Amino acid sequence: MNINKSRTLVKIMAITALSATLGFTMISGESARPVHAAAASNAANVSSVFKISDSPTLKGVLQTGLSSTLNQAVTHDGVTLTLTDLIYDGNELVMGIRQEGSTVKTDKTFLDLDKLNISANGKKMYYNTSVSSMPSDPNAVLIGLTKGAIKQQIPDSFELTVKAYVNEVKEPFIFTAPVTKIAGLLSLTPGTTKKSGTFSYTVTSFKMTPLTMQLQLSYKGNFPAPVQKPGRLLYDLADEKGNVFLGVNNGGFPAKPGKEELGYSSFVTLPQSITVKPYVYKLNAKGQLFSDNTGRLAKHYFKDLEMRIYQR
């Protein structure tokens with residue numbers, strides 16, 4: 001089994017304290033196009049941050065032309081920030097920023113995270129925000145905004161404003177760009193239920209774009225062994241080849257008892273099939289997590305609870 005999971009998010013620094021949240025019909029939409037803000041200079045030779053990311057999803061949207069290649073550059077006091085890439089799907093907004101001229105300390109980011117401000121049509125975006133450094137390039141970061149607990153109406157098209165500060169520079173680096181939500185790939189309301197013993201779960205909704213996937217389900221009954229109290233089941237999503245995309249920020253307990261709203265990176269293109277694979281992490285004799293032969297935490301999958309929610 002091949003497991004795809006980005007290790008780019010080596011250092012995630014939460015800026016907000018909000019908790020993450022994440023029919024049989026095809027969705028239509030329009031992908032974002034390359035844009036250039038008039039107030040910023042162009043930096044055509046600056047390489048893509050998405051390209052050096054080890055996220056299969058971000059590399060995929062770059063290769064298929066779904067992300068915007070911006071290359072907007074702003075310079076203050078000999079330091080240049082360049083907004084290289086951008087993509088938005090309604091659930092998540094991801095952008096890449098490079099810097100030149102500032103000293104980046106080990107295990108630090110060049111951005112002042114306390115002052116980072118991102119808005120849509122002039123209104124602050126109350127999304128969960130993370131800044132992720134690149135292990136392969138300390139001069140590049142990914143900024144990700146994901147829908148959180150505060151329900152905020154963001155239009156499908158809007159003007160994005162990013163006001164960023166570098167630790168050594170007083171002036172803000174301001175970028176503006178028109179943003180358009182990319183097309184969705186799939187929307188399902190399967191209502192299918194799987195049961196094992198007294199435990200059952202029902203997938204109520206699944207939505208997929210080239211950037212993210214959202215899975216909603218309800219459950220009842222007693223979790224099957226070996227789920228530890230007060231534990232819970234976790235859920236992977238797999239395609240027909242066994243490729244698995246793991247959940248993003250799905251480690252906390254559900255906001256509502258008996259319901260799960262889970263977010264995932266996406267497959268970029270629609271696979272032949274999608275299967276929900278419930279699991280728990282395995283524990284050794286000392287009650288500790290341990291790694292399998294791939295170096296990842298070992299899992300116990302519940303085969304009798306696996307559910308295929310899509311088949312072409």
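Only a predicted model underlies this, so the values are computations on that prediction, with no experimental measurement involved.
Checked by atom type, the side-chain pair Thr212/Asp89 shows a donor-acceptor distance below 3.5 Å. A donor-acceptor pair shorter than 3.5 Å can be found between the side chains of Asn139 and Gln99. Between the side chains of Arg98 and Ser47, a donor-acceptor pair is found at a separation under 3.5 Å. Judged by distance alone, the side chains of Asn91 and Gln214 do bring a donor and an acceptor atom under 3.5 Å apart. Of the N and O atoms on the side chains of Ser48 and Asp85, at least one donor lies less than 3.5 Å from an acceptor on the other residue.
Side-chain contact between Tyr279 and Asp236 is present, with at least one heavy-atom pair separated by less than 4.5 Å. When side chains are defined from C-beta on, Val203 does not count as touching Thr192, because their heavy atoms never get closer than 4.5 Å. Between Lys220 and Ser200 there is a side-chain heavy-atom pair separated by less than 4.5 Å. No side-chain heavy atom of Thr75 sits under 4.5 Å from any side-chain heavy atom of Leu81. Looking only at side-chain heavy atoms (C-beta outward), Asn121 and Pro155 come within less than 4.5 Å of each other. The shortest distance between side-chain heavy atoms of Val141 and Met134 does not fall below 4.5 Å. The shortest distance between side-chain heavy atoms of Ile154 and Tyr127 falls below 4.5 Å. Contact check for Arg308 versus Tyr310: no side-chain heavy atoms found under the 4.5 Å cut-off.
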List the steps and the verdict of side chain to side chain contact (heavy atoms under 4.5 Å, CB included) for Phe206 and Met213.
CA-CA 7 Å; Phe206 174 78; Met213 297 184 287; 3.8 Å; yes

Start with the C-alpha gap between Leu297 and Phe290, add the side-chain angles, then the distance that decides, and say whether side chain to side chain contact (heavy atoms under 4.5 Å, CB included) holds.
CA-CA 6 Å; Leu297 291 177; Phe290 64 95; over 6 Å; no

Are Leu86 and Leu93 close enough, and set up right, to give a side chain to side chain contact (heavy atoms under 4.5 Å, CB included), and what steps lead you there?
CA-CA 7 Å; Leu86 177 69; Leu93 186 151; 3.6 Å; yes

Just do the side chain to side chain contact (heavy atoms under 4.5 Å, CB included) check on Val79 and Phe110 with the steps written out, would you?
CA-CA 11 Å; Val79 176; Phe110 51 84; over 6 Å; no

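Using cut-offs of 30° and 60° on the angle between ring planes, the pair His76 and Phe173 is perpendicular. Aromatic ring pairs are classed by plane angle as parallel below 30°, tilted from 30° to 60° and perpendicular above 60°; the pair Phe302 and His300 is perpendicular. Ring orientation note: the planes of Phe158 and Tyr88 are nearly perpendicular, at an angle over 60° on the 30°/60° scale.
With respect to the salt-bridge test (charged N to carboxylate O, under 4.0 angstrom), the residues Asp156 and Lys181 qualify. Taking 4.0 Å as the cut-off between side-chain N and carboxylate O, Asp77 and Lys170 do not count as a salt-bridged pair. Salt bridge absent: Asp304 and Lys195 never bring a charged side-chain N and a carboxylate O closer than 4.0 Å.
Across all non-hydrogen atoms, the minimal contact from Gly90 to Lys147 is O-CE, 3.0 Å. Closest of all the heavy-atom pairs between Pro271 and Arg312 is O-NE, 3.3 Å. What you find for Lys51 and Lys59 is that their closest heavy atoms are O-CE, 3.3 Å. Closest approach of Ile97 to Thr84, counting heavy atoms only: N-OG1, 4.4 Å. Of all the heavy atoms in Pro190 and Leu188, the pair that sits closest is CD-C, 3.4 Å. Taking every heavy atom of both residues into account, Leu217 and Tyr201 meet most closely at CD2-CD1, 4.2 Å.
Rounding to the nearest 0.5 Å gives a distance of 8.0 Å between CD of Glu260 and CG of Leu234. Here the CG-CZ distance, from Leu237 to Phe267, works out to 6.5 Å after rounding to the nearest 0.5 Å. Rounding to the nearest 0.5 Å places NZ of Lys299 at 11.5 Å from NZ of Lys282. Note that CD of Glu306 is 8.5 Å distant from NZ of Lys194, once rounded to the nearest 0.5 Å. Arg296 contributes atom CZ, which lies 10.0 Å from atom OH of Tyr281 (distance to the nearest 0.5 angstrom). If you take OG1 on Thr275 and OH on Tyr235, they are separated by 15.0 Å, rounding to the nearest 0.5 Å.
Considering only residues two or more places apart in sequence or on other chains, Thr161 meets the side-chain hydrogen bond (donor to acceptor under 3.5 Å, both in side chains) condition with none of them. A search for side-chain hydrogen bond (donor to acceptor under 3.5 Å, both in side chains) contacts involving Thr57 returns nothing, not counting sequence neighbours. Listed by chain and number, the residues in a side-chain hydrogen bond (donor to acceptor under 3.5 Å, both in side chains) with Glu171 amount to none (sequence neighbours excluded).
Checking each of Val61, Leu211, Ile182 against Ser67 for a side-chain contact (heavy atoms from CB on, under 4.5 Å) leaves exactly one that passes, namely Val61.
Aromatic pair Tyr264/Phe245: centroids not less than 6.0 angstrom apart.
Residue-environment remark: CD (Glu100) stays at or below the threshold of 12 foreign heavy atoms within 6.0 Å.
Looking only at distances, a side-chain donor or acceptor of Ser53 sits under 3.5 Å from a matching main-chain atom of Ser55. For the pair Gln72 (side chain) and Thr176 (backbone), a donor-acceptor distance under 3.5 Å is present. Side-chain N or O atoms of Glu240 include one that pairs as donor or acceptor with a backbone N or O of Ser273 at under 3.5 Å.
Cation-pi geometry between Lys115 and Tyr165 is satisfied (NZ or CZ under 6.0 Å from the ring centre, within 45° of the ring normal).
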